[in-house]
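Residue numbers start from 1 in every chain, and the chains themselves are labelled A, B, ... in the order their sequence lines are given, proteins ahead of strands. Just so you know, these numbers come straight off a predicted model, no measurement behind them.
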Amino acid sequence: MKYAPREIELKWQKLWEEQNTFTVKEDSEKEKYYLLEMFPYPSGKIHMGHVRNYTIGDVIARYKKMRGFNVLHPMGWDSFGMPAENAAIEHGIHPSKWTNENIEAMRSQLKRMGFSYDWDREISTCEPQYYKWEQLFFIWMYQKGLAYKKRGTVNWCPHCHTVLANEQVEAGLCWRCQSEVIEKHLDQWFFRITDYAEELLEGCNTLPGWPERVLTMQKNWIGKSYGCEIEFPMADSKDVIKVFTTRQDTIYGATFMLIAAEHPLTTRLAEGKPQEKVVRDFVERVKKQDRMMRTSDYYEKEGVFLGAHCLNPVTGRKMPIFAANFVLADYGTGCVMAVPTHDQRDFEFADKYNLPKIVVIQNPENPLSEESMTEAYVDEGLLVNSGPFTGRKNLQALEDIAEHLESIGRGRKTVEYRLRDWGISRQRYWGAPIPIINCGLCGSIPVKEEDLPVVLPKEAEFKGEGGSPLAQIESFVKTICPKCGGPATRETDTMDTFVESSWYFDKFCSPHHNQKPGLEKSKVDYWLPVDQYIGGIEHAILHLLYARFFTKMLRDLGVLTVNEPFTNLLTQGMVCKETMKCPTHGYLFPHEVKEGICLQCGATVAVGKTEKMSKSLKNVIDPTHLIDRYGADTARMFCLFASPPERDLEWSDMGVEGSFRFINRIWRIVMEYLSDIRRIESFNETGHLEGDLKMLQKKYHQTIRKVTIDIEERFHFNTAISAVMELVNVLYQIQRPSGDDVKSLSVIRKAIETVIILLFPIVPHVTEELWDIIDGEGNLSGKSWPVYDPEIAREEKITIVIQVKGKVRSKIEVDADEDDDTIKERALSDERVRLYTENKNIKKIVYVPKKLINIVVT
RNA sequence: GCCUGGGUGGCGGAACUGGUAGACGCAAGGGACUUAAAAUCCCUCGGUCCUUGCGACUGUGAGGGUUCGAUUCCCUCCCCAGGUACCA
C-alpha cells in the first residue's frame, strides 16, 4: 500500500465533519481551553502566513484536547476593509459579493488543511448581525463620553477628492493619480482610549504569558512620563503659555519658547504683525512635511519668529516665541520651553537662529562653556546658574523644582502619555456605519437602540473619488432626528476595521446569541479569557492594544468580567522568499520561472534578496499547489519544521520535499512491520529488556519527554519533529526480530504507536490512517497524550567533558550516579589530559557537576 | 529618525538558566539494491594546516570587555526585519 495523501486526507476530513469531532459546548466538568488564531481578512486565497499561523494553532488545539481540555477553537472573517472597496472601484464588483466569494474560497482551503475548527461558530464581521452589537457598544460609549467628535487630520487627495490611507500615499503622492497629497482637517470620531492609558500600562505587568518584547513595545507606545506643566506668562499681556516638560531641572536655562506649527496659538500670536504672512507660509509648509521625518534627529530644524515674547517664570528673562517644525501639536501642550544647552534639538535651533544659551548643568569631568559647546550636554551633572538650586545634582532636584514651581503658582507636577485617542472615523463605504444622526437643532444624537442595526445600504457607487460613497446615497443620509423628529442627516463615516477585531473573540463564545448586548454572559464568562492567542508580530501594538482597551471598556459596561482578553500570546514571524526579476518582464511569480530562465522571453532571471512574501514582489507561494502536490499533512509539517514560530520562515522547495519524505518513511516502516505487529498487543512496560530493545524503549520514552516539553513549554515544533525523526531513525537501525518473537515485536509496536500518537497534532490525517490500519478501531482524535517514565528515559551513562585552560581535550564516560570525587580523579588521570597538564602547575579546577571539568594550568 | 526584534556551515535550523557549537532536515559526495533509472536503504559532510592523528589551529555579523570558560552577559559599530496610530 502506497501513501496517498489526498485520498487519506479527504476521507478523514469527511469523517471528522460527519462526526462533529470539533464541535464544542460549555462543560463545567472539564477545564476549558480557548485557543484563538487571528482571524484573516478574506483577501481571496490563503497565503503561507495563514497556513503557518493556523497550523501552529491547530497543533496546540489538538494537543490540548488530547490533554483532556474542553477546547474552543473557532474561525471567522475580518471582512470589512479597504481591499473590497478597491476591488469595487477597479473591477466594478460589489464589496459584499467580492468579500463573500473570497470567504467561500478561503473556507474551503482551510477545510482542506484539516484544521480542527468548530465551524458552527463561524462569524463574518461585515454581517449586520455582527456589527449591530458594535453599533450598540458605540452608542453606550458615546453616552459615557468614551466616543466623541473632534477635529482630526487626514491625507487628502485634491484631485480625487477623497481621503487616502497612509499606505495609499506613496512618497507624498496619491497612489492613483500622483497628485500631491495634502493634510485636511475634518471632524472625526474618536474613542477615548487615553482614559485607560494607566490601566493598559499597569495591565502589562499582569501578562506573564506575553512575549516580553510585545509588552515593551506597548509600554513604550503608551509612553508614560512624569514631568511638570509650567506656565510662562506673556511679556505684554495677562495670557500664559503652558508647556509640558520632563526636564524642569533645566528651567533656569530656558531662553526661548517653541510652539508647534499647527498649534492655533501660532497663527493667533502672529496675527496683525509684520511677520504674519511669513508665519502662515511656514505653517502651510510644515503641515506637508512628514510627521516621522519632522521629529527625526537629523531633520533640518526650522522655525519662524512670531513677533511675541514670554517670560521665564523663575528668572524673569524675556524669551522670544518661535513656531518650529519639530514640535508636535498633540503631545503635551504643543509648546516647548527651549533649553539649548541641554537639548540637542534646541541647541541646533539656537545655533541656526543665533539665540542665547545658558549652561545650567555642569559636566563634572569636562566643564562646559556656552561659547565652546558644539552640542547639547544631556547627561547628569551639578546645577549651576539655577538660583536656590545651584550646586544640587540635577536629577535629585527634579522633584524640588517642580514643588517650587507649584509654590509660586507657575506649575504643577503632571503625568503625560504619548498615547493618543483612537481615531475611528473612516470616510469609506465598506465598514460598520457609525450609528449617529446629525440634527441641526439637537447636534449628534445616537440612533435608538431598537433601530439598530444601521444597515449599510447595498446600492452605492464606487468611483474612488469624490469622497465617501455613503454620503452620496440620499435615502441613507436623509432621516429624522430621534430626539426632535425634525429633518436630520445620518453620519456617513464608518468605523475603523480594528473595531471589529477588538471584540470578535467575545462573539465566538456565543456566536448565535441575538439579544442585547449580543454576548451571552454565562458563555462569555465560561470561555474568556482566551488562553492562547496566536498571530503575526506585526500586530504587536495596534490590534492588541485596541483589543485590550475594548475588553476593559466592555467590562466597565458590564458586558464582560475579565480584565484582559488574552492570557498567553504567541507572536509568529513573517514568511519570506527570495524575489526573482527578469530584465524585461520585471518581478516574476515562481511559476513564471524555470531553471533560472524567464518563461516568457528566455532571459536569465536575477535572484534578489529574501523579503516578506507580498503580491507586489510576486515572491509568493500559493499553498494550493503545495497541498495538491504533497497533501495538507506535508504542508503542515513543513511550516512547523522549517523554523520555530516566533522566527521568520524562509521558503524553500527542498525543505518541503524533506517533510514529504519523512512522512513516507513513517508510512513505509509501518507497512514493513504491519503483518507482524497487527495482532500483537503493544508492550505493557513490564519486564526487563536488553540490547537494542532496551535502547529502543529508552528512546521512545525520551522522545515523549522531549516532544511534550517542546510543545507544552516552548511551542518549538521544529525540535519536536526532529526528536520523532530520531526515533524513526532508531526504528530503521535496529535488527528486525523474527515473526514469532512476540516480546520484541510488542516493543516495536509500542515505538511505532508512539511515533503516530506524537505526530497526530502535527499531521492528523496520515496518523489517523496509520492508527486505523494497525489498530482497526477507534480514532486518534479521542486518544489521550502518551506518558513517559522518567526512570526509563534517564540516561545511565553520561559524558564528562574535560577541558584544559578552557579547551576541550578529552571526554570520559561515567555512570550517571558516579560520585563527584571519582569523576574528578578519573579526569585528572586521563591519559590525554596528562599530556597537557604534565610539568604544569594546576592553578584551579572548575567542576560543573555531571557535565564538565576545567583544569586551569599555568 | 524613533520603538522592538534578529544575524550560527552551501541552506533551514539546534545548543533548556555562562559549560562538548553545528542535533534534525535539505543540498552535495560516496556506497548498496536495480539490466538501467527513479524511489529506497547505509556512510561522509564548518574552515585551514600538516607529521592524516583518539591531530593542531580557527570558527556563531564586526571590534572591544567581563569570566577558568561567552552563540549566551556588558559596551561600540554594521546589516536585515516588524511597527510607527487610515494596510490588516
Atom-pair distance (CG on A:Asn220; P on B:A85), nearest Å: 16 Å
Under a 3.5 Å threshold, yes or no: a donor from one side chain and an acceptor from the other, between A:Thr497 and A:Arg428? no
Residues at least two apart in sequence or cross-chain that pass salt bridge (Lys or Arg N to Asp or Glu O under 4.0 Å) with A:Arg736, listed by chain then number, are A:Asp676
Pairs flagged by salt bridge (Lys or Arg N to Asp or Glu O under 4.0 Å) wherever residues 708-727 of chain A is involved - sequence neighbours left out: A:Lys64-A:Glu712, A:Arg67-A:Glu712, A:Lys699-A:Glu726, A:Lys706-A:Asp710, A:Asp710-A:Arg714
Who pairs with A:Tyr41 by ring-ring contact (aromatic ring centres under 6.0 Å, His included), at least two apart in sequence or on another chain? none
Whole-Å distance, A:Glu212 CD to B:G5 P, equals 8 Å
Mind checking A:Glu85 for me? I need base, sugar-phosphate or nothing, with any heavy atom below 4.0 Å counting as a touch. nothing
Report yes if a side-chain nitrogen or oxygen of A:Arg714 is closer than 4.0 Å to either non-bridging phosphate oxygen (OP1 or OP2) of B:A15; otherwise report no. yes
Under 4.0 Å, counting only non-hydrogen atoms across every strand here, what does A:Val154 touch: a base, just sugar-phosphate, or nothing? base
Please determine whether a side-chain nitrogen or oxygen atom of A:Tyr836 lies at a distance below 4.0 Å from atom OP1 or OP2 of B:A56. yes
ring-ring contact (aromatic ring centres under 6.0 Å, His included) filter on A:Phe641, not counting sequence neighbours, yields none
Consecutive-pair stems (3 or more, Watson-Crick or G-U, under 3.5 Å) for RNA chain B: B:1-7 with B:78-84, B:10-12 with B:24-26, B:28-32 with B:40-44, B:46-49 with B:55-58, B:61-65 with B:73-77
Sugar-phosphate, base or nothing in reach of A:Leu419, heavy atoms under 4.0 Å: base
A:His543 NE2 to B:C86 P, straight-line distance once rounded to whole Å: 15 Å
Given salt bridge (charged side-chain N to carboxylate O under 4.0 Å, His left out), test A:Arg176 with A:Glu90 step by step and report yes or no. CA-CA 11 Å; A:Arg176 243 186 269 282; A:Glu90 276 156 41; 3.7 Å; yes
Mind checking the P distance from B:A15 to B:U8? Whole angstroms is fine. 15 Å
Could you tell me whether A:Lys843 contacts a base, only the sugar-phosphate backbone, or nothing, with contacts defined as non-hydrogen atoms closer than 4.0 Å? nothing
Between atom CD in A:Glu657 and atom C1' in B:U40, what is the gap in whole Å? 14 Å
Using the C1' atom on both, measure B:G6 against B:G12 and round to a whole Å. 15 Å
How would you label the contact of A:Arg426 with the nucleic acid (heavy atoms, under 4.0 Å): base, sugar-phosphate, or nothing? base
Both A:Lys706 and A:Ala642 contact RNA chain B. Taking the nearest nucleotide for each, which residue is further toward the 5' end? A:Ala642
Tell me, please, whether A:Phe326 has A:Arg345 positioned over its six-membered ring: NZ or CZ under 6.0 Å from the ring centre and within 45 degrees of its axis? no
May I ask you to evaluate whether A:Lys844 reaches the phosphate of B:C68, defined as a side-chain N or O under 4.0 Å from OP1 or OP2? yes
Could you pull out all residues at least two apart from A:Tyr673 that satisfy ring-ring contact (aromatic ring centres under 6.0 Å, His included)? none
Could you tell me how far B:A32 sits from B:G22 if I compare only their C1' atoms? Round to whole Å. 29 Å
Please state whether the phosphate of B:C87, meaning OP1 or OP2, lies under 4.0 angstrom from any side-chain nitrogen or oxygen of A:Arg428. no
Distances under 3.5 Å between nitrogen or oxygen atoms of protein and nucleotides 41-45 of chain B:
| unit_1 | atom_1 | unit_2 | atom_2 | d |
| --- | --- | --- | --- | --- |
| B:C41 | OP1 | A:Arg665 | NH1 | 2.6 |
| B:C41 | OP1 | A:Arg668 | NH2 | 3.3 |

Answer yes or no: does a side-chain N or O of A:Asn664 lie under 4.0 Å from OP1 or OP2 of B:A39? no
Nearest whole Å is fine: how far is B:G82 P from A:Arg213 CZ? 12 Å
For A:His539, report the nucleic acid contact type (base, sugar-phosphate, nothing); a contact means any heavy atom under 4.0 Å. base
Checking all strands, does A:Ala540 fall into the base, sugar-phosphate, or nothing category for heavy-atom contacts under 4.0 angstrom? nothing
A:Arg809 side chain N/O closer than 4.0 Å to the phosphate oxygens (OP1, OP2) of B:C57? yes
Go through the structure and list residues passing salt bridge (Lys or Arg N to Asp or Glu O under 4.0 Å) with A:Lys805, not counting sequence neighbours. none
Between A:Tyr546 and A:Trp422, does the ring centroid distance fall short of 6.0 Å? yes
Side chain proximity check, A:Pro83 to A:Trp98, heavy atoms < 4.5 angstrom: yes
Could you state the atom-to-atom distance from CG of A:Asn166 to P of B:G83 in whole Å? 12 Å
What salt bridge (Lys or Arg N to Asp or Glu O under 4.0 Å) pairs are there with at least one residue in residues 841-858 of chain A, not counting sequence neighbours? A:Asp820-A:Lys850
Would you mind reading off the distance between A:Phe660 atom CZ and B:G25 atom C1', rounded to a whole angstrom? 16 Å
In whole Å, what separates the C1' atom of B:C3 from that of B:C16? 30 Å
Proximal nucleotide (of B:G25, B:A88, B:U58) relative to the A:Lys807 side chain: B:U58
Given the 90°-from-0 boundary between syn and anti, B:C11 should be labelled anti
Using a cut-off of 4.0 Å on non-hydrogen atoms, how would the nucleic acid contact of A:Gly423 be classed: base, sugar-phosphate, or nothing? sugar-phosphate
Classify the nucleic acid contact of A:Val169 as base, sugar-phosphate or nothing, counting any heavy atom under 4.0 Å across all strands shown. nothing
Taking atom NZ as the centre, does A:Lys2 end up with more than 12 heavy-atom neighbours from other residues, nucleotides or ligands that are less than 6.0 angstrom away? no
Please work out if A:Ser810 contacts a base, only the sugar-phosphate, or nothing of the nucleic acid, heavy-atom cut-off 4.0 Å. nothing
Contacts of A:Trp189 that satisfy ring-ring contact (aromatic ring centres under 6.0 Å, His included) - sequence neighbours left out: A:Phe138, A:Tyr142
Which is it for B:G6, anti or syn, if anything within 90° of zero counts as syn? anti
Which residues pass the salt bridge (Lys or Arg N to Asp or Glu O under 4.0 Å) test with A:Asp648, sequence neighbours left out? none
Using a 4.0 Å heavy-atom cut-off, write out nucleotides 18-23 of chain B from 5' to 3' as B (base contacted by protein), S (sugar-phosphate only) or - (no contact). -BBS-B
If you look at every strand shown and take non-hydrogen atoms under 4.0 Å, does A:Pro40 touch a base, only sugar-phosphate, or nothing? nothing
Side-chain donor/acceptor of A:Gln427 to base of B:C86, under 3.5 Å: yes
Mind calculating the distance between CD (A:Glu37) and C1' (B:A88) to the nearest angstrom? 17 Å
